[in-house]
Amino acid sequence: MMRTFRGGLLIGLAVAVLVAVSAIIYEFYDTRTLKRTVRRGEVLCGVNKGLPGFSIPDDKGNWTGFDVDFCRAVAAAIFNDPGKAKFVALDANERFKELQSRKVDILSRNTTWSMARELDYDLYFPAVAYYDGVGFMVPRSRNKETSLDLADSKVCVQTGTTTTLNVVDYFRLNNMKYEEVKFDKLDDVVKAYDSGKCDTLSADVSQLYALRLNLSKPGDHMILPDMISKEPLAPVVRQRDDDWMMIVKWTLYAMINAEELGVTSENIDEALKSKKPEVMRLVGTEGRYGEQLGLTKDWAARIIRHVGNYGEMYDRNIGEKSKLKIPRGMNQLWNAGGVQYAPPMR
């Protein structure tokens with residue numbers, strides 16, 4: 001009898017241990033981000049700690065910016081509430097690690113899509129949100145016209161970015177000598193440039209427009225016209241989580257398609273009554289596209305109502321209606337001279 005009891009006890013303990021271990025393994029390896037997000041009641045978004053136009057908090061902790069609005073669009077698609085996006089400020093050097101460890105659900109943080117980043121970090125870049133390129137900012141007093149005039153410059157860059165690699169390639173390719181001045185934190189890069197410790201600052205051109213606003217005398221500095229690289233900036237998610245990747249990707253594509261179709265936050269109610277097939281598929285009055293994503297039929301209408309289409313998001317944060325006033329350039333729609341292009345929703 002005692003042996004039977006002991007045997008049963010051991011079996012019970014083994015089962016309990018197995019269940020506990022299985023729960024830990026499930027929690028560690030479960031890739032169903034959407035289910036965890038819904039259960040939590042908010043989307044955790046990794047953003048830049050403070051980049052005007054893209055992601056920056058005010059003195060009350062309210063975040064604004066292009067990357068911030070994209071996260072709000074994802075929250076609107078899921079919860080019908082852009083306020084369900086919670087922002088986690090991340091340095092460039094920690095962003096991928098924090099995404100891998102599930103501290104955030106998505107990176108929306110001026111991050112360049114590259115082959116090495118997908119392979120080395122086991123991550124996925126669903127779609128390009130902003131087409132950019134590395135460039136240079138210099139004091140106007142240096143009288144430089146192009147990047148080819150920068151021989152013997154002292155160039156400030158941030159470590160852990162693709163900028164450092166592109167600067168090395170550019171100067172080597174053009175047989176120009178230069179001195180690289182590296183800093184881990186972006187704030188230190190800007191301070192060093194503003195104080196004269198280097199005479200050139202290199203970053204993505206969009207970032208240079210934003211950083212110039214933080215200088216003591218912004219008008220004394222110019223951004224050179226040429227780009228030296230391709231920098232497709234994209235949101236980032238973990239691999240092997242296709243359901244979540246599809247939601248993030250089609251959130252962006254819905255916003256781009258909405259701009260192309262002329263559907264805005266101001267006319268969304270009229271769009272819901274439209275009989276135009278493309279508009280009907282976008283706003284959910286025809287088809288099951290939202291349900292196939294695990295969302296509601298009106299998921300895209302939610303995005304447009306709360307956040308707007310791609311053009312609205314661009315203009316108010318970094319375009320003509322913003323302090324940065326960055327020209328649309330390559331980020332103009334494909335039918336208006338740019339390369340921004342979304343697959344059709346059908």
Side-chain angles (χ1 to χ4, degrees), residues 46-57 63 65-67 87-100 103-104 107-114 116-117 120-121 130 132-142 144 147 149-172 176-218 220-224 226-229 231 233 236 318 324 326:
V47 294
N48 196 300
K49 289 190 172 183
L51 184 62
F54 287 87
S55 60
I56 189 167
W63 288 84
F66 182 89
D67 291 337
F87 303 102
V88 181
L90 299 174
D91 279 330
N93 295 317
E94 64 183 344
R95 54 186 162 173
F96 299 126
K97 179 181 178 182
E98 295 299 86
L99 178 60
Q100 288 173 318
K103 297 293 178 62
V104 294
L107 282 183
S108 186
R109 193 201 173 285
N110 59 296
T111 300
T112 298
W113 181 355
S114 72
R117 284 177 168 175
D120 294 347
Y121 295 103
Y130 187 93
D132 208 348
V134 167
F136 299 95
M137 179 163 61
V138 297
R140 292 185 185 277
S141 59
R142 292 192 68 197
K144 303 297 183 182
S147 302
D149 298 328
L150 296 178
D152 300 316
S153 294
K154 294 180 67 175
V155 184
C156 274
V157 293
Q158 184 182 14
T159 57
T161 65
T162 56
T163 300
T164 58
L165 304 177
N166 286 309
V167 168
V168 170
D169 286 349
Y170 182 76
F171 279 88
R172 183 174 62 182
M176 298 190 302
K177 294 182 179 180
Y178 78 108
E179 180 181 343
E180 187 177 63
V181 185
K182 289 184 179 181
F183 296 92
D184 290 335
K185 296 184 181 298
L186 185 59
D187 285 347
D188 294 334
V189 175
V190 177
K191 289 177 183 176
Y193 173 76
D194 204 18
S195 65
K197 292 182 180 178
C198 50
D199 54 31
T200 305
L201 192 152
S202 184
D204 293 348
V205 169
S206 63
Q207 195 171 26
L208 293 176
Y209 273 94
L211 296 177
R212 184 167 59 176
L213 296 178
N214 293 331
L215 299 178
S216 55
K217 295 181 179 179
D220 289 352
H221 302 268
M222 63 180 293
I223 297 165
L224 297 179
D226 40 341
M227 293 182 180
I228 67 168
S229 71
E231 303 295 325
L233 306 183
V236 195
I318 57 181
L324 274 67
I326 303 176

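Start at 1 with the first residue, then count along the sequence.
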Check: residues 177-185 side-chain donor-acceptor pairs under 3.5 Å, at least two apart:
from, atom 1, to, atom 2, distance (Å)
D184, OD1, T159, OG1, 2.7
K185, NZ, D91, OD2, 3.2

Check V47 against S108 and note the closest heavy-atom contact, atom names and distance. CG1-O, 3.6 Å

Would you please test E231 and V134 for side-chain contact (heavy atoms from CB on, under 4.5 Å) and show each step? CA-CA 7 Å; E231 303 295 325; V134 167; 3.5 Å; yes

Identify the two heavy atoms, one from S147 and one from I228, that lie closest to each other, and give their separation to 0.1 Å. OG-CG2, 4.2 Å

What's the shortest heavy-atom distance between T163 and V157, and which atoms? CG2-CG1, 4.0 Å

Min side-chain heavy-atom separation D132-M227 under 4.5 Å: yes

What I'd like to find out is whether the side chain of S229 reaches to under 4.5 Å of the side chain of T162, using heavy atoms alone. no

After noting the C-alpha distance and the side-chain angles of R109 and L51, does the key distance pass the side-chain contact (heavy atoms from CB on, under 4.5 Å) rule? CA-CA 9 Å; R109 193 201 173 285; L51 184 62; over 6 Å; no

Between atom CZ of F171 and atom OG of S153, what is the distance when rounded to the nearest 0.5 Å? 5.5 Å

Pairwise side-chain contact, V138 with D199, heavy-atom cut-off 4.5 Å (strictly under): no

Distance-only criterion, 3.5 Å: show the donor-acceptor pairs between side-chain atoms of residues 186-198 and protein atoms not counting sequence neighbours.
from, atom 1, to, atom 2, distance (Å)
Y193, OH, H221, ND1, 2.8
D194, OD1, S216, OG, 3.2
D194, OD2, S216, N, 3.0
D194, OD2, S216, OG, 3.4
S195, OG, K191, O, 2.9
S195, OG, A192, O, 3.1

Quick one: pull up CG in L90 and CZ in R95 and give me the separation to the nearest 0.5 Å. 9.5 Å

To the nearest 0.5 Å, how far apart are CD1 in I56 and NZ in K49? 13.5 Å

Quick check: do T200 and R142 have side-chain heavy atoms less than 4.5 Å from each other? yes

Within the 4.5 Å heavy-atom criterion, are P139 and D220 side-chain neighbours or not? no

Taking the side chain as every heavy atom from C-beta outward, state whether F136 and L150 have any pair of such atoms under 4.5 Å apart. yes

Note: P52 and L324 closest approach over all heavy atoms is O-CD2, 3.7 Å

Gap between atom CE of M137 and atom CG of L208 - 0.5 Å precision: 5.5 Å

How far does CD of Q207 sit from CG of N48, to the nearest 0.5 angstrom? 6.5 Å

Okay, side chain of R117, backbone of T112: is any donor-acceptor separation there less than 3.5 Å? yes

Take the angle between the ring planes of Y130 and F54 and call it parallel below 30°, perpendicular above 60°, tilted in between. perpendicular

Between atom CG of D149 and atom CE of M176, what is the distance when rounded to the nearest 0.5 Å? 8.5 Å

State, to 0.1 Å, how close S206 and L233 come at their nearest heavy-atom pair, and which atoms those are. OG-CD1, 4.1 Å

Just so I know, are the side chains of L201 and L211 near enough to count as touching, which here means a heavy-atom distance under 4.5 Å? yes

Going by heavy atoms in the side chains, are F96 and L107 under 4.5 Å from each other? yes

Ring-plane angle category for F87 and W63, please: parallel below 30°, perpendicular beyond 60°, tilted otherwise. tilted

